[in-house]
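Position 1 is the first residue of the sequence; numbering continues from there.
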Amino acid sequence: MRHTLPIAPQFYVTAPQACPYLDGRMERKLFTALQGEHAQKLNDTLSKQGFRRSQNVLYRPSCAECSACLSARIRVADFVPSRTQRKVLKGAAHLRRNATSPWATEDQFTLFRRYLDARHADGGMADMDVFEFAAMVEETPIKSRVIEYTRPSRAGERGRPLAAVSLTDVFDDGLSMVYSFYDPDLTALSLGTFAILDHIEIAREAGLPYVYLGYWVPGSRKMGYKAKFSALEIYKGGQWSPIGDPELHRAELHPLSVEPIAEQVARIALPESRSDARIETKIDGKPVVPGDPA
């Protein structure tokens, strides 16, 4: 006899580490495993509540005194490209899109290494080897695609070389751009912006209402480009709202800006949850109980 367990994941909290977005701050993540027959439903549900996927883990920031990171998505039906974005589309018109299954290739890894060395040589992924890259692409328990963009060959080249690559998840309500990288020699094409614009078109063609961009962080130059897209929404205060004027969002530290971990978990909606489903939260292996100031 086969028994189906209720969707009641355990949630954990990472140890604090240096924030990659804002200097002098520490980040902490709330996360849970993404596995089993309900993985797709769990991913769809938690992604609507500000979570992101990394391989077989779902996470969202849960820093002790900072709530600057805000999940962002574009409303496809209302998006209108700016003049600059129309120029990007025109300038990259020679690129060809190719959607494949999540399978890592040598060409992808070569481009990935060139991108990291040129753009993020001191970042957290700088030391990733080919096996870790393959795991990033291939270890997905949900519906994912690799979107490749190729360019015409030059003298001495064969085929169509890779210009950009995006690892993309498919939700029930949109596309999520998990990670993108591109040829650092083609910066004039603004390939990061182009990939987002093309994903908006893919979502429109598929009848999906949103393109999820990950986190937007006020005050972070790395994340500032996301606020340049029209019809942008952010997940703040437990709901999705138009971003409005980006300058009105602040990133100040405050000890009361983040709810205790147990209260955060208690507010997470789960797919097909049952009243007897148990959600347990742990920090360093120890259960967290309501009222814990963590």
Pro209 meets the side-chain contact (heavy atoms from CB on, under 4.5 Å) criterion, sequence neighbours left out, with Asp173
For Arg267, what residues pass the salt bridge (charged side-chain N to carboxylate O under 4.0 Å, His left out) criterion, not counting sequence neighbours? Glu259, Glu263
Please list, chain by chain and in numerical order, all residues satisfying salt bridge (charged side-chain N to carboxylate O under 4.0 Å, His left out) with Arg53, sequence neighbours excluded. Asp169
Would you please name every residue forming a side-chain hydrogen bond (donor to acceptor under 3.5 Å, both in side chains) with Gln17, sequence neighbours left out? Glu27
Can you pull the salt bridge (charged side-chain N to carboxylate O under 4.0 Å, His left out) pairs that have at least one residue in residues 220-234, sequence neighbours excluded? Arg73-Glu233, Arg75-Glu233
Salt bridge (charged side-chain N to carboxylate O under 4.0 Å, His left out) partners for Glu106, two or more places apart: none
Return the set of residues passing ring-ring contact (aromatic ring centres under 6.0 Å, His included) with Tyr182 (not counting sequence neighbours), or none when no residue passes. Tyr115
Residues which pass salt bridge (charged side-chain N to carboxylate O under 4.0 Å, His left out) with Asp107, listed by chain and number, not counting sequence neighbours: none
Residues passing the side-chain contact (heavy atoms from CB on, under 4.5 Å) test with Ser230, sequence neighbours excluded, are Phe79, Val80
With ILVMFWY side chains joined below 4.5 Å, transitively, what does Tyr212's cluster contain besides itself? Phe171, Tyr210, Tyr235, Trp240
Set of residues satisfying side-chain hydrogen bond (donor to acceptor under 3.5 Å, both in side chains) with respect to Ser47, sequence neighbours excluded: none
Which residues end up grouped with Met26 if you chain together Ile, Leu, Val, Met, Phe, Trp and Tyr wherever their side-chain heavy atoms are less than 4.5 Å apart? none
